[in-house]
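Data block below; observations after.
In what follows, chains are A, B, ... by sequence order, proteins preceding strands, each numbered from 1.
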2 protein chains.
Amino acid sequence: MSQPGGPVLKLRLATAGGEWIGPGKADLLQHIAETGSIAAAGRRMGMSYKRAWGLVETLNAMFAGPLVVASRGGAGRGGAELTDDGAEILRLYRVMQDKAEVALEEEVLAIARRVVEPKRK
Amino acid sequence: MSQPGGPVLKLRLATAGGEWIGPGKADLLQHIAETGSIAAAGRRMGMSYKRAWGLVETLNAMFAGPLVVASRGGAGRGGAELTDDGAEILRLYRVMQDKAEVALEEEVLAIARRVVEPKRK
DNA sequence: TCCCGTTATTTCTGTGCGAACATAACGAAA
DNA sequence: TTTCGTTATGTTCGCACAGAAATAACGGGA
C-alpha cells in the first residue's frame with residue numbers, strides 16, 4: 001500500500017492511427033466485463049452512456065476484431081460482454097501496469113520526493 | 001529498431017494536485033536544455049510561446065523547486081535553462097521510458113499484433 | 001399486447017482550451 | 001538612445017469536444 005497522495009503512473013499505448021488505450025478505456029473494459037452492460041459500466045465511472053459507447057466504438061475500431069459485443073433488448077437481458085480479444089487486451093494492460101509499477105518504482109519514488117505536496121490541513 | 005508504424009508506449013506521472021508530467025513536458029524540458037530558450041523550444045515543437053511558457057509554469061509549480069529558470073532581455077542573451085532539479089527530473093523520465101520499453105516489450109508486441117494497421121496502399 | 005432496460009443515434013448547447021494577436025518590461029549590444 | 005530577441009501577460013476568437021436530452025429499435029418477460 002503506497003501512500004494515497006503519491007504520484008500515479010499511467011500507461012498509454014498510442015497507435016499509428018492516432019487512437020490509444022489507457023487507464024480510462026481499460027477500466028471501462030473491466031467494468032463492462034463485470035456488469036455485462038455498457039450503460040452500467042458508464043454509470044459506475046460517472047460518464048454518460050454516449051461517452052461510454054463512443055469509447056467502446058473507438059476500441060472496436062482500433063483492433064482487428066471487436067473487443068466488446070453488444071446485444072439489444074430485454075429487460076434484464078440485453079447487454080454487452082468482452083470478446084476473447086477484449087479480455088486478452090485488458091489482461092495484457094493490467095500486466096503492463098503491474099510490471100511497470102515494479103520496474104519503475106525507484107524512479108517514481110525519486111520524482112515523488114521532489115513533487116510538492118498539495119496543501120496539508 | 002522496432003517497426004515505425006507500431007504502437008508507442010507513453011508514460012504519464014500524475015500528481016495528487018491534478019497535474020502531471022508526460023512526453024510533452026519532458027520533450028519541452030529537453031528542448032529548453034538544448035536551445036537555452038523557452039521560445040526556441042516552443043518553436044521546435046510547433047507550439048506558441050505562450051503555451052510553452054504555460055507548461056513551464058505548470059512544471060515549476062508542480063515541484064518543490066523550479067525546473068526552469070528564465071532571464072529577460074538581451075538580443076542573443078536572455079533565455080532559460082534547466083535547474084539541477086529540472087535536469088534530474090528529465091533524466092529520471094528518460095530512464096523510466098527506457099526501462100518501460102524493455103520491461104513491457106512482450107505485452108506491447110502482443111497488443112500490437114492485434115492492432116489494426118492504418119490503411120496500406 | 002404492454003412494459004422495461006438496454007443498445008444505438010441525432011440534435012443542441014455551452015464551455016473549455018488553444019491559436020492568434022497585442023502589449024509591455026527587460027537588458028545587452030551597437 | 002536605438003535596436004532586437006527574449007520573457008511575461010492580457011484579450012479575443014473559433015472550434016472541437018462533452019454533456020444533456022430526445023428518439024428509436026430491440027427483445028424478453030409479465
Item to check | Per-nucleotide protein contact string for nucleotides 10-16 of chain D (B base, S sugar-phosphate only, - none; heavy atom under 4.0 Å) | outcome: BB-----
Checklist entry - Are the charged groups of Arg94(B) and Asp27(B) less than 4.0 angstrom apart, N to O? => result yes
Checklist entry - Judged by atom type as modelled, is there a donor-acceptor pair below 3.5 Å linking the side chain of Lys25(A) to the main-chain atoms of Trp20(A)? => result yes
Checklist entry - What is the distance from atom CG of Leu55(A) to atom CE of Met47(A), rounded to the nearest 0.5 Å? => result 5.5 Å
Item to check | Rounded distance in Å - CD (Glu57(A)) to P (dT9(C)) | outcome: 7 Å
Checklist entry - Is Leu28(A) reachable from Tyr49(A) through a run of hydrophobic residues whose side-chain heavy atoms are each under 4.5 Å from the next? => result yes
Item to check | Any Trp53(A) side-chain N or O less than 4.0 Å from OP1/OP2 of dT7(C) | outcome: no
Checklist entry - Is Glu34(B) atom CD crowded by more than 12 heavy atoms from other residues, nucleotides or ligands, each under 6.0 Å away? => result yes
Next on the checklist: In this structure, how many angstroms lie between the C1' atom of dC17(C) and the CE atom of Met47(B), rounded?
Outcome noted: 14 Å
Checklist entry - Would you find a donor on one side and an acceptor on the other, under 3.5 Å apart, between the side chain of Ser37(B) and the backbone of Gly79(B)? => result no
Checklist entry - Given atom CE of Met45(A) and atom C1' of dG19(D), what is their separation to the nearest angstrom? => result 16 Å
Checklist entry - From the list dT7(C), dT7(D), dG19(D), which nucleotide is the closest neighbour of the side chain of Tyr49(B)? => result dT7(D)
Item to check | Phosphate contact (dG27(D) OP1 or OP2) by Arg72(A) side-chain N/O below 4.0 Å | outcome: no
Checklist entry - Does a side chain donor of either Gln97(A) or Glu101(A) reach within less than 3.5 Å of an acceptor in the other side chain? => result no
Item to check | Options dT7(D), dT6(C), dA18(D), nucleotide nearest the side-chain atoms of Arg51(A) | outcome: dA18(D)
Next on the checklist: Using a 4.0 Å cut-off on heavy atoms, which residues in residues 58-71 of chain B reach DNA chain D? List them by number, or say none.
Outcome noted: Ala70(B), Ser71(B)
Checklist entry - Does some side-chain heavy atom of Pro23(A) sit less than 4.5 Å from a side-chain heavy atom of Tyr93(A)? => result yes
